[in-house]
Every structure is written in C-alpha cells, then in structure tokens.
Enquirer: 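Let me give you the structure first, and then I'll get to my questions.
When reading the values below, keep in mind they use all heavy atoms of this one structure, side chains included, and skip hydrogens, waters and symmetry mates.
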2 protein chains.
Amino acid sequence: MTSADQHTVAIGLSAAIVSVTEEQPSVLVVRHSESGSDALPFGPFDPLQHRTLESGLRKWVGEQTYLDLGYAEQLYTFGDRGRHEMKSGEGPRIVSVGYLALTRQCGELKAPDTLWRDWYRYFPWEDWRSEKPAVIGDAIAPALKAFIKDAPDEPTAELRRDRMRLCFGLDGLAWDEEKVLERYELLYEAGVVLECARDGRPNAKPTLPFGIGMLFDHRRILATAISRLRGKMKYRPVVFELMPPTFTLLELQRTVEAISGVRLHKQNFRRLVEGQGLVEGTGKVSALSRGRPAELFRFRREVLRERPSPGLRLGARRAG
Amino acid sequence: MTSADQHTVAIGLSAAIVSVTEEQPSVLVVRHSESGSDALPFGPFDPLQHRTLESGLRKWVGEQTYLDLGYAEQLYTFGDRGRHEMKSGEGPRIVSVGYLALTRQCGELKAPDTLWRDWYRYFPWEDWRSEKPAVIGDAIAPALKAFIKDAPDEPTAELRRDRMRLCFGLDGLAWDEEKVLERYELLYEAGVVLECARDGRPNAKPTLPFGIGMLFDHRRILATAISRLRGKMKYRPVVFELMPPTFTLLELQRTVEAISGVRLHKQNFRRLVEGQGLVEGTGKVSALSRGRPAELFRFRREVLRERPSPGLRLGARRAG
DNA sequence: TTATATATACTCTATTTGAGTATATATGTA
DNA sequence: TACATATATACTCAAATAGAGTATATATAA
C-alpha cells in the first residue's frame, strides 16, 4: 500500500440483516476464508451507480446474498482510524455506513459462505431470557475490575466503575437491554474482546469467553443494530417485519423476547398488544400446540395511519 | 467539472450547533455570499488529519467558528444524488455526515459572516408555544391538498393524505413535536420548499411562506437535529448542556419549551424535574424577577451515575 | 379420567400522569 | 399603607397505566 491510499476515503456499506426463527434472533453473516472471522455483508458505495446510500445497499445485498430486503434503516457512520484495517495502518481509510435490515427468514440461502447465526453468539451477555448470563459474573466482572485497577488515576477509575455498574446492572441497578453498544464499547476499551488484539490496542489481553469476533468493526455495527432494534420496537411496530402473515400472540411475544433478551409478562403483553390495536384476530386457530389452541392474529397495518407512534412499550418483565 | 469528479466521493461534515437564549432556540449559520443562502458550518473530512469523524468535526468547527464544542452527537449520513449540488448534476458526489452540537451561547461570535439564527425561521410551523402556527392552515394545508390532488393514482393520494394527517396533526390527531424531519420531507416532496426549485425537482412551485431555505441539504440536517434533540431530551439530560451553571426551574422549563415548541404544565414540570433528582437547590435565589423570587438550581451530574437513562419525559402540555 | 400445558378473561393495587386549587412572597401602584 | 398583580411552590384529586396476580377454558398425553 502506498501513502497515496491513505489520502483516499472509500465509503463502505454494511448491513446487519436480522431475522428471528424458533425464538432465536439471527444475523446474516459471510464467512471470510482468509481471516477466518465472520463479516456482515458489505460492499462499496458507488456514486455513479447508486442514487442514494440505501439504494446502493439494497443493490449490493441483493447481489451478495440473493435476498430482497424489506425494512432497512441507517444506523451510524463509523470512521475511526485503527478499527477497520486487517492490520493496523494498512490500506485506504474506510468510512462505513451501517444499516439495520429486517426480513422474514425464507428458505435456503443461495449465496455461498453465507449463514444465519444466532446473534447471542457474538454477545453472550445479552441474553437474559432464562437467567442472568453466567459470563457476566465469571468473566466480565473480573475483567472489568482489572480494567478499573489499571486506571492511571482515581477519577478515571471512578468513571470506569460507574460505567461498569450502569452497563451491566450491578449494585442492584436495573439491566437496561438497550445498552448493547455501550457494553461492547466498554469491553473493547477494557481490551478483552478479540478485535482489540487485531487492532493492536496497547491493553489487549488474550481472551475467549467474550463472544465471537468479527471482521473490521462489524461487531460494533451489530451491537448498534441490536440497540436500535431493541429501542425502536417500543415505539414503532417493526417486529411485524419479522413475523409471518399470521401468528399467535405467544409467537409474537417470543419474538419480542428473543430480540430484547428479557422475558415478559404474558397476560400484560396480550393486553398491551390488543389494547393498542396492533393486531386483529383472524378467527382461525393455530394447529400445532400442546394445550388450548391459540387464535391466529395478523398485524393491523391501519395503526400506522391511526396513531402517531404505535409500538410495544414492553414493561412488565418476568413471571408467568 | 469532468466526469472523473463524479466517480469521487468526498465526505463532508456538517454541524447543527444549537444554543438557547431568551426562550429562543438558535442555530449557528454562515451566510454564503455567492448563493445568498444560509449554511451550517461544514468542511471536508480529511482521513490523514482526523482520527475519527467527530474529531474532524471539532477541528473544523473550531477553525471556522472559534467555538469549542461541548456536547456533540452524530445524526445521520446523507448521500442522495441531486440534493447537494448548487445546480443539479455538477460537482463531485458529496456524502455528508450531519452532527448535532449543543453549546451555551457565549459572548460575541468572532467568525465573520457567522450568526445565531432562530431555528423557527427555517421551520415556522414548528413553534406551537403561543398557538397553532397560522402558516399550517394558511399555506401548508392548501399546498398539501394540491399535492394530494396531483397524485397519479388513488393509492398514492391515500398515502399522501395519511402522511399529511399524521405529520401536521389534522382530524383531531395529536401534534407530534418529534416529526420535524417527516414534515420537512413531506413539504419537500410536495415541491413547496425553496430547495426543491434549486434541486430542479419536476413539481417545484415558487413558494415563500415555507421558511428560509438553506444551502445544500442543510435544512434537512437541521430538521434531523431538531427531531433528535426534541426526542433525546426526554430520556437524557441534554438540556443542561444549554443552561448556565445555575438557573431557576422556570428558566429550565422555558428552555425545554423553546426546544420542543410546546408549552408545559408548570407544577408538573417541577414535580418531574425534582422527583427525578435531575437538579438540586443552591439555597440562593434569583435576583431579577417580578413576583416571588425563585430558587436557583444546579444540574445534579450524579444522576448519570445513579440511573440508567434520566431525562425530562415531558408529558402535561399547556395550562397554567 | 386425570395430569398437564397453553390460552384467555378478569381483578386488584401501586404508580404515573394530567389538571387543578391553595398559599407564599415578591413588585408596582392607588 | 392597602391592594392588584405576578411569580413560586405546596398540595390534592381523578384518570390512565403498569405490574403482578387469580380464575377459567380448552386442548394433548398418559
């Protein structure tokens, strides 16, 4: 690479394409044989071919994954030096625009080296559905305590302590499922995620239990995507982009839980969803089931025309 | 311009720098003598000089406005063809990353051709503090009705009708102060804002009462900034970035109202702010006033360490 | 028939919101 | 000085919402 390359800015478009099946939120990843790590589908933005950033993304994703994106929204633009190269300092500067896309999982993937992967493989500390993830007590808390101890001065240590408490819900503080990005960034700064070593960070430690690493800054983009989706669900009916045309209320709830990573109160969830006019019954019932058959519902698209911002502001955690 | 330019992508950084004084929200603009229109401070991103996008922005803004930015957050990256050129089709493709920055207004501006301008000059329909803005009934509703009538088919007309109702709170629908961008985009598509003519849109109409136009897509960035700030205020204590070290609760309320563009219920605002632990009394009282002197408060920075997402989720509109 | 699993309806309380009233303390003026 | 007026602050009250249940209905599996 010549130094002229370092003058250049290329715009990369990356997409976190999400779907949920069987109570498992998945993201579409491409296996990169050279580096061995997973990557989000990405490609360059071509100003000649593409009228908008989003249309560029759709085109690229279509070519690469044979998927037709439905819902897509821009997340954030990342341009930090040192967090994109394979090896620090090489190659032209890349500014990457991250997108979140939602899709119903449909049949086999036609693209090679492409697979749906449970997003909790990359963020094992984010799934609180069955219980508080063991990795938090076992690995994260000790690692962050070391990070605090390594602080150059007391104010810095104090700041790190606070971030740890607020991010991971320690000292009786509530777990905030939306802080996915903050948590990842804290772990990155603490030097314990795999990307740190690759980026040549000074305090990088050899670590294993902190989730699978990804190419470039793709794990950061994915963290941003999860944060955004967990938040947006509450005031926009985006979950329905992930549901089949008809579904039972429990299936809907399980999807919401899969995304948010927390369990909800069933009766109140039903009250909320029906009370908001988000769904309507079809009269038919679901076939396969153990107990009493559940009614099949469909999304009431009309809510979008009736109320300014309908969503599932999920409160009521836990309990039967 | 050669066609080679059209292959190039340049990254521009633009900032909506906001401050509030005397119950008036202002944005820092640069008067461009050539085009005659206002612009946000903007400049190119240089990958060699700048480690991150944000540090690039801070550097640029410092040089251009002599201001030291405090709070800054990235808004969105715009890259649409045809919405950035002075004249359609000319010049290299520019992808612009918009930022929101907050600052206390401090003394005189040292930079030439730079001034603070009331943001409602650009969006006169957004200020509902005294009453529903007349421009909505007088100019916007008729213009949008024409836009609906011009629809090529009935489904399109129906869509436009719904957008009009939801955006501008017609038919008894509530006014949603956060939909600033949606409203601007609707007016843009309807061809009635000044930028449409400049961009050479087919349905552009000569119009006047729809706010001052801005250079490039800067008015779109500003709309995004206002939307974001109006929303963020509710779950993060960002208003305090705009307040002096001590202030009365009414001053705080007036600032929030200036930003959101709606009036709030005084007693409930006080209950909320104090109940959330966002402020603490100083014991001192404000000097200048008409009636009973008000206590001076200061922001309790500690809330950031105590609770996950403290903000002013303003409910209670209107009334004394 | 019974145990079990799921669906759905309904209840009850605590908290939060929206909208007031009541009272305190200042200024300006008849 | 007394009073009208303006602002600050305390307190009240009802409606709506949220959190956590209980109760009952309807299916399957043993």
Side-chain angles (χ1 to χ4, degrees), chain A residues 23 174-177 233-235 246-257 260 262-298 307 309-320, chain B residues 23 174-175 177 234-235 246-257 260 262-298 307 309-320:
Chain A
E23 309 189 19
W175 172 259
D176 181 353
E177 74 276 358
M233 232 180 8
K234 293 171 188 166
Y235 59 96
T246 66
F247 45 83
T248 70
L249 292 185
L250 187 60
E251 283 162 1
L252 181 64
Q253 181 181 341
R254 293 293 180 233
T255 304
V256 172
E257 289 173 339
S260 68
V262 295
R263 287 261 171 247
L264 302 174
H265 184 283
K266 189 172 174 177
Q267 298 91 321
N268 291 350
F269 180 82
R270 156 182 295 270
R271 174 175 66 187
L272 187 72
V273 168
E274 288 196 289
Q276 296 264 86
L278 285 167
V279 297
E280 62 188 355
T282 62
K284 292 172 200 151
V285 290
S286 162
L288 31 86
S289 79
R290 188 89 167 62
R292 172 175 168 179
E295 185 172 4
L296 286 169
F297 289 79
R298 76 166 66 89
R307 296 191 302 105
S309 56
L312 298 162
R313 40 187 181 359
L314 37 111
R317 315 294 189 73
R318 280 264 147 206
Chain B
E23 310 189 16
W175 172 258
E177 73 275 359
K234 293 171 189 169
Y235 60 94
T246 67
F247 46 83
T248 70
L249 291 187
L250 188 60
E251 282 162 2
L252 181 64
Q253 181 182 341
R254 292 295 179 233
T255 304
V256 171
E257 289 173 339
S260 66
V262 295
R263 287 260 171 248
L264 302 174
H265 184 282
K266 190 173 176 176
Q267 297 93 320
N268 291 350
F269 181 81
R270 155 181 295 270
R271 174 175 66 185
L272 186 73
V273 169
E274 288 196 289
Q276 296 264 87
L278 285 168
V279 298
E280 61 188 355
T282 62
K284 291 171 199 151
V285 290
S286 162
L288 32 85
S289 80
R290 189 90 165 65
R292 171 174 169 179
E295 184 171 5
L296 285 168
F297 288 79
R298 75 166 66 87
R307 297 190 304 102
S309 54
L312 299 163
R313 41 186 180 2
L314 36 112
R317 313 296 187 72
R318 280 266 148 205

Enquirer: For Leu272(A) and dA20(D), give me the distance from atom CG to atom P, rounded to whole Å.
Expert: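 Those two atoms, CG and P, are 15 Å apart.
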
Enquirer: With a cut-off of less than 4.0 Å, is there a side-chain N or O of Arg292(B) near OP1 or OP2 of dA24(C)?
Expert: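 The answer is no; no side-chain N or O of Arg292(B) sits under 4.0 Å from OP1 or OP2.
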
Enquirer: Report the nucleotide, chosen from dA20(D), dT9(D), dA10(D), that has the shortest atom-to-atom distance to any side-chain atom of His265(A).
Expert: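 So the side chain of His265(A) is nearest to dA20(D).
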
Enquirer: Just how far, in rounded Å, is C1' of dA19(C) from CZ of Arg263(B)?
Expert: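 So the CZ-C1' distance, Arg263(B) to dA19(C), works out to 18 Å.
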
Enquirer: Could Arg254(B) and Glu257(B) be called an ion pair, given the rule that one side-chain N must be under 4.0 Å from one carboxylate O?
Expert: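 A salt bridge is present here (some side-chain N lies under 4.0 Å from a carboxylate O).
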
Enquirer: Using only atom types and a distance under 3.5 Å, with no angle test, would you say the side chain of Ser286(A) pairs donor to acceptor with the backbone of Ala294(A)?
Expert: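 Such a contact is absent between Ser286(A) side chain and Ala294(A) backbone.
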
Enquirer: Just compare dA27(D), dC12(C), dA8(D) and give me whichever is closest to any side-chain atom of Arg271(A).
Expert: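 Selected nucleotide (nearest to the side chain): dC12(C).
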
Enquirer: Enter the distance from Lys284(A):NZ to Arg298(A):CZ here, rounded to the nearest 0.5 Å.
Expert: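 Between atom NZ of Lys284(A) and atom CZ of Arg298(A) there are 7.0 Å.
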
Enquirer: Quick one: on DNA chain C, does Gly291(A) or Leu249(A) contact a more 5' nucleotide (nearest heavy atom)?
Expert: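 Upstream on the strand: Gly291(A).
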
Enquirer: Let's see if you can work this out: which of dA7(C), dT26(D), dT17(C) has an atom nearest to the side-chain heavy atoms of Leu250(A)?
Expert: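 Among the listed nucleotides, the one closest to the side chain of Leu250(A) is dA7(C).
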
Enquirer: Over how many whole Å does the gap from Arg270(A) atom CZ to dC10(C) atom P extend?
Expert: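 Those two atoms, CZ and P, are 12 Å apart.
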
Enquirer: Nearest whole Å is fine: how far is dA10(D) P from Glu274(B) CD?
Expert: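 The distance from CD of Glu274(B) to P of dA10(D) comes to 7 Å, rounded to the nearest Å.
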
Enquirer: Under 3.5 Å, is there an N or O donor on one side and an acceptor on the other linking the side chain of Gln267(A) and the base of dT22(D)?
Expert: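 Counting by modelled atom types and ignoring angles, a donor-acceptor contact under 3.5 Å is found here.
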
Enquirer: Can any side-chain N or O of Glu295(A) pair as donor or acceptor with the backbone N or O of Gly283(A) at less than 3.5 Å?
Expert: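 Here the side-chain-to-backbone pair exists.
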
Enquirer: Quickly work out the Glu295(B) CD to dT25(C) P distance and round it to whole Å.
Expert: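 Result: 13 Å.
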
Enquirer: Are any of Lys266(B)'s side-chain N or O atoms less than 4.0 Å away from OP1 or OP2 of dT9(D)?
Expert: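 It does not, given that no N or O in the side chain of Lys266(B) lies less than 4.0 Å from OP1 or OP2 of dT9(D).
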
Enquirer: Can you measure Phe269(B) atom CZ to dT16(C) atom P for me and round it to whole angstrom units?
Expert: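 Rounded to the whole Å, the gap is 18 Å.
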
Enquirer: What's the closest nucleotide to the side chain of Arg290(B) if the choices are dT9(D), dT6(C), dA6(D)?
Expert: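 When the side chain of Arg290(B) is considered, dA6(D) is the closest of dT9(D), dT6(C), dA6(D).
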
Enquirer: Atom CG of Asn268(B) to atom P of dA15(D): distance rounded to whole Å?
Expert: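 These atoms are roughly 16 Å apart.
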
Enquirer: Is there a side-chain contact between Val256(A) and Phe269(A), using heavy atoms and a 4.5 Å cut-off?
Expert: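 Side-chain contact under 4.5 Å: yes.
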
